[in-house]
Each structure stands twice: as C-alpha cells, then as structure tokens.
Amino acid sequence: MPDPVARTLDEHREHAVAMVSPLPSLDVPLDDAVGSVLAADVRAHLAVPPFDMAAMDGYAVRTRDLDVLDGVPVSLAVVGEAAAGTGTGTELGAGEAVRIMTGAPLPPGADAVVPVERTSTGRFRAGVAGVETSVAVPRLDRAHVRPRGEDVMPGDLVCAAGTAVTGPVVAAAASAGATSLRVHRVPRVGVLATGSELVASGKPPAHGQIPDSNSHLLAAGVRAAGAVAVRHPSVGDTITALAGALDELTADVDLVVTSGGVSAGAHDVVRALLDSGDGRLSDVHVAAVDMRPGRPQALARWRGVPWIAVPGSPVAAFVSVTLFARPTIRRLAGCTTSDLPAVPRVAATGWSSPPGRVQILPGRHRPDGRVEPAGRDGHLLSGLVVADCLVIVPAEVDAVRAGDPVQVVVL
Ligand code: AMP
Ligand code: MG
C-alpha cells in the first residue's frame with residue numbers, strides 16, 4: 001500500500017474540482033430551468049418596463065399645468081381613465097388629467113402621476129370608473145412614473161452565464177421577453193456508502209450493526225449542491241461488492257461520491273480497491289489532507305467517471321461533501337463562482353484546535369453575530385443538526401480564544 005500524499009485542504013479541493021468540466025447545455029422552458037445554471041448570458045428582448053407606466057393609482061397630469069400656482073391646488077378636467085392593460089389613446093391637453101391605475105401606460109402628453117390620496121378625490125372605489133369630472137391636485141414634480149427601460153433596455157444583460165437560476169432569475173428573464181433559457185444539464189451524482197456494519201435505515205440493526213446515515217447525508221449534500229442524487233444501496237467491505245456497485249452507478253452518473261473505507265484499516269475497502277490496480281481505475285490519488293476531521297481522502301476515476309471518496313465518520317463525511325464534493329458538483333453544473341465563500345466572524349468562546357491541522361468545527365451564530373461551537377462535541381451528528389456554519393481554524397492555531405477572528409463557511 002503506497003503512503004497517501006500529503007495535501008492541503010485547498011489543494012485537495014482544487015484537484016477534485018479540476019476532475020470535471022461543465023456539462024453540455026440545452027434550452028429548457030423557464031420553469032424547468034430553476035435549479036440549473038445559465039450556460040449563456042440572458043439579454044433583454046423587451047424593455048422593462050416596456051412603456052412609461054404609472055407607479056401609483058392617481059391622476060396622470062402634465063407637470064407644466066402644476067407649475068403655475070405654487071402651493072395652491074390646481075383644478076384639472078378629468079378626461080378619461082387608464083387601467084392596467086389598456087391605457088387611453090387620447091393625448092392629454094392643457095388643464096387635463098386622466099384617472100390612472102398602477103401599471104397603466106401613461107397617456108401621451110402626461111409626464112407625472114399624482115397619487116389619488118393627495119387629490120380632492122381622496123380614493124377610488126373598486127369597480128366604479130370615471131365619476132368625477134374635475135380634480136384638484138397639489139403642485140408636484142414628475143413623480144410616480146416608471147419610465148420605459150428603467151430596469152433594462154433591449155439588448156441589456158439580464159443575467160450572466162454561470163448564474164444559478166432562481167425564481168428572481170426566471171422572473172427577470174420572463175419580464176424581458178424570454179420563454180426559455182440555455183442552461184447546463186443538471187449533474188447526476190451517484191451516492192454510495194460502504195461498510196459491513198451498515199443496515200438500510202428502517203431495518204433493525206443486529207448487534208454490531210448501525211443504520212446507514214451517510215447515504216442520506218451524501219444525497220442531501222448532493223441535492224443541495226444542485227445535482228440529482230442517484231442512491232445505491234450500501235455495500236459491505238468487499239472489493240467485489242464495491243466494484244460491482246461502482247460499475248452500476250457509473251453507467252448512469254457524472255460523478256460518484258462514496259463514504260467510508262478510505263483510511264488504512266484492515267477492512268478499508270475503498271483504499272483496498274484503489275490500491276488494487278484494477279483496470280477500471282484511473283487517476284488514482286490517495287491523500288492525507290491536513291484537516292480534522294476528514295484527513296483520509298481519495299480521488300480517482302472509475303471507468304472514466306470522477307469519484308470522490310470521503311471518510312465514513314458522519315461529521316467527516318459532511319465536511320468533505322461540503323468542502324470537496326459540493327464545489328465539484330457546482331462546476332459540473334456550470335457555476336463559475338464558489339457559493340460557499342469563507343467569511344470573517346468573531347469567536348464567542350474559546351476552544352482548542354489540533355496543532356498542524358486545519359480544524360473544521362460545526363458552529364452556530366449567536367444573536368450578536370459571534371460564533372460558538374455547535375452541540376456538545378464537534379464529532380457528533382447532533383452538533384451538525386444545530387450548526388449553521390463550519391468554523392475553519394488554520395493549521396498553525398492550536399487554541400481559539402473568545403474574541404479571536406475566525407473564518408466560517410455559512411451553511
Ligand atoms: P470508515 O471511514 O469506514 O472507517 O468509518 C468510520 C466510522 O464511520 C465508523 O465508525 C463507521 O461505522 C462509521 N460509518 C461509516 N459509514 C457510515 C454510514 N454510512 N453511516 C453511518 N456511519 C458510518
Ligand atoms: Mg468502514
């Protein structure tokens with residue numbers, strides 16, 4: 001068994017991400033694009049808004065008519081009504097006003113809207129149109145108009161390639177005239193837990209057995225990163241079972257993530273397979289990453305499909321999926337930037353950190369914004385359950401004191 005290669009956390013992540021390229025792109029209807037990543041810039045076909053429109057219910061007026069008597073309400077003749085979706089074709093003459101509702105096009109000649117509550121009318125009654133023949137309005141500057149193209153003009157960039165498509169993105173694209181979006185295909189990621197002690201959740205474990213929790217953790221992490229999780233039933237610690245499961249999964253996925261068996265134990269099956277020289281393997285890379293938890297890691301290809309192997313301890317598996325699998329999936333999906341940047345915070349309490357290793361600790365924000373370790377012990381799933389961030393303590397720090405600056409990845 002060759003020794004694992006010593007790697008920093010950043011080196012291992014960069015290596016994992018470099019194994020993949022963005023998936024091919026396709027055109028999909030707007031609603032189907034949510035959750036994918038834009039493969040091309042979205043440019044506006046239409047101006048937003050497409051015409052000068054009222055931003056309030058009130059009266060469309062000519063500012064010139066209001067300029068004459070500073071401070072004194074001006075009486076204007078009400079000559080029509082513009083509702084959202086229709087508008088009036090008639091040009092506004094001197095001394096005239098048009099009732100106008102939010103979203104209606106401004107009549108030709110008008111350049112401002114005076115809110116109804118500031119006029120002698122006070123309020124409009126729903127369902128009742130055009131009763132008053134004149135209205136007294138205070139002097140106002142051009143106001144409460146959303147000018148054509150206020151948001152975007154035709155040809156403007158609505159959203160850049162590499163952006164994750166969300167509700168606001170499809171809404172912005174729809175308002176600018178798009179009916180479909182060019183997005184990257186959504187990655188399919190195989191999830192496989194290894195360990196002879198594992199039983200599928202729901203089955204009662206015999207003595208020595210435990211429920212498989214990691215496959216749920218991995219599947220959730222894969223989905224949170226924007227991929228479809230393809231779960232395989234867990235396999236015991238035999239090379240044939242693991243190889244068979246990898247054969248099945250890699251027929252159908254863009255990436256495989258396995259948990260467990262990557263250390264140097266007598267039954268560490270992932271490690272054994274990686275060391276076996278099996279012809280289906282390539283680019284095998286067994287690493288000792290300078291982090292805790294999650295030191296033993298491996299990267300390889302199985303039948304050409306990239307494979308990220310993470311350790312089995314649930315917190316280590318979660319940390320590894322978040323720091324290594326997630327950015328790899330984001331790149332496959334077409335993202336151009338990291339979505340989980342480390343940000344500065346202040347420690348609310350003190351704790352010790354392993355010397356010479358980057359410590360990754362489930363953390364939680366206090367109401368004052370400072371962070372503390374989450375749960376009773378950083379190695380327990382119960383801590384992750386209440387965590388809202390991962391605190392990252394550099395290798396050279398062996399004790400964090402209350403008030404110290406720390407970096408966190410917000411979950
Ligand atoms: P390993 O990385 O295979 O040496 O496993 C390390 C620890 O994590 C052991 O205590 C395993 O029983 C546990 N473990 C491994 N895989 C899982 C899993 N899928 N679900 C829950 N615990 C696991
Ligand atoms: Mg194991």
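Counting from 1, the numbers follow the sequence of the chain as shown. Atom set for the values below is all heavy atoms of this structure, side chains included, hydrogens, waters and symmetry mates excluded. Order of appearance sets the numbers: ligands from 1, and atoms from 1 within every ligand.
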Checklist outcome for this item: A193 heavy atoms within 4.0 Å reach ligand 1 at atoms 19 (N)

Checklist entry - D278 versus L273: any side-chain heavy-atom pair under 4.5 Å? => result yes

Next on the checklist: Against ligand 1, does S213 come closer than 4.0 Å with any heavy atom?
Outcome noted: yes

Checklist entry - Tell me: protein heavy atom nearest atom 17 (C) of ligand 1, and distance? => result N214 ND2, 3.2 Å

Item to check | Enumerated ligand 1 atoms positioned under 4.0 Å from heavy atoms of D268 | outcome: 4 (O)

Checklist outcome for this item: Of all protein heavy atoms, the one nearest atom 22 (N) of ligand 1 is I210 CD1, 3.5 Å

Item to check | Proximal ligand 1 atoms for G261, defined as those under 4.0 Å from one of its heavy atoms | outcome: 1 (P), 2 (O), 3 (O)

Checklist outcome for this item: Counting from 1 in the order shown, the ligand 1 atoms closer than 4.0 Å to a non-hydrogen atom of D212 are 18 (C), 19 (N), 20 (N)

Checklist entry - Just how far is it from atom CG of D247 to atom CZ of R303, taken to the nearest 0.5 Å? => result 4.0 Å

Checklist entry - Would a search of protein heavy atoms around atom 19 (N) of ligand 1 find one under 4.0 Å away? => result yes

Item to check | Polar contact flag, side-chain donor to acceptor under 3.5 angstrom, D212-S234 | outcome: no

Checklist outcome for this item: Quick note on ligand 1: atoms under 4.0 Å from a heavy atom of T194 include exactly 16 (N)

Item to check | W351 CH2 to L361 CG distance, which is reported to the nearest 0.5 Å | outcome: 6.0 Å

Item to check | ligand 1 contact on S313 by region, counting heavy-atom pairs under 4.0 Å | outcome: both

Checklist outcome for this item: In Q359, R292, E396, the residue satisfying side-chain hydrogen bond (donor to acceptor under 3.5 Å, both in side chains) with S353 is Q359

Next on the checklist: Distance check, rounded to the nearest 0.5 Å: L218 atom CG versus T258 atom OG1?
Outcome noted: 8.5 Å

Next on the checklist: Pairing donors with acceptors under 3.5 angstrom, does anything connect the side chains of E96 and Y59?
Outcome noted: no

Checklist entry - Roughly how far, to the nearest 0.5 Å, is CZ of R370 from OG1 of T349? => result 8.5 Å

Next on the checklist: Can you report which non-hydrogen protein atom sits closest to atom 14 (N) of ligand 1, along with the distance?
Outcome noted: G312 O, 3.4 Å

Checklist entry - Which protein heavy atom lies closest to atom 11 (C) of ligand 1, and at what distance to 0.1 Å? => result E197 OE2, 3.0 Å

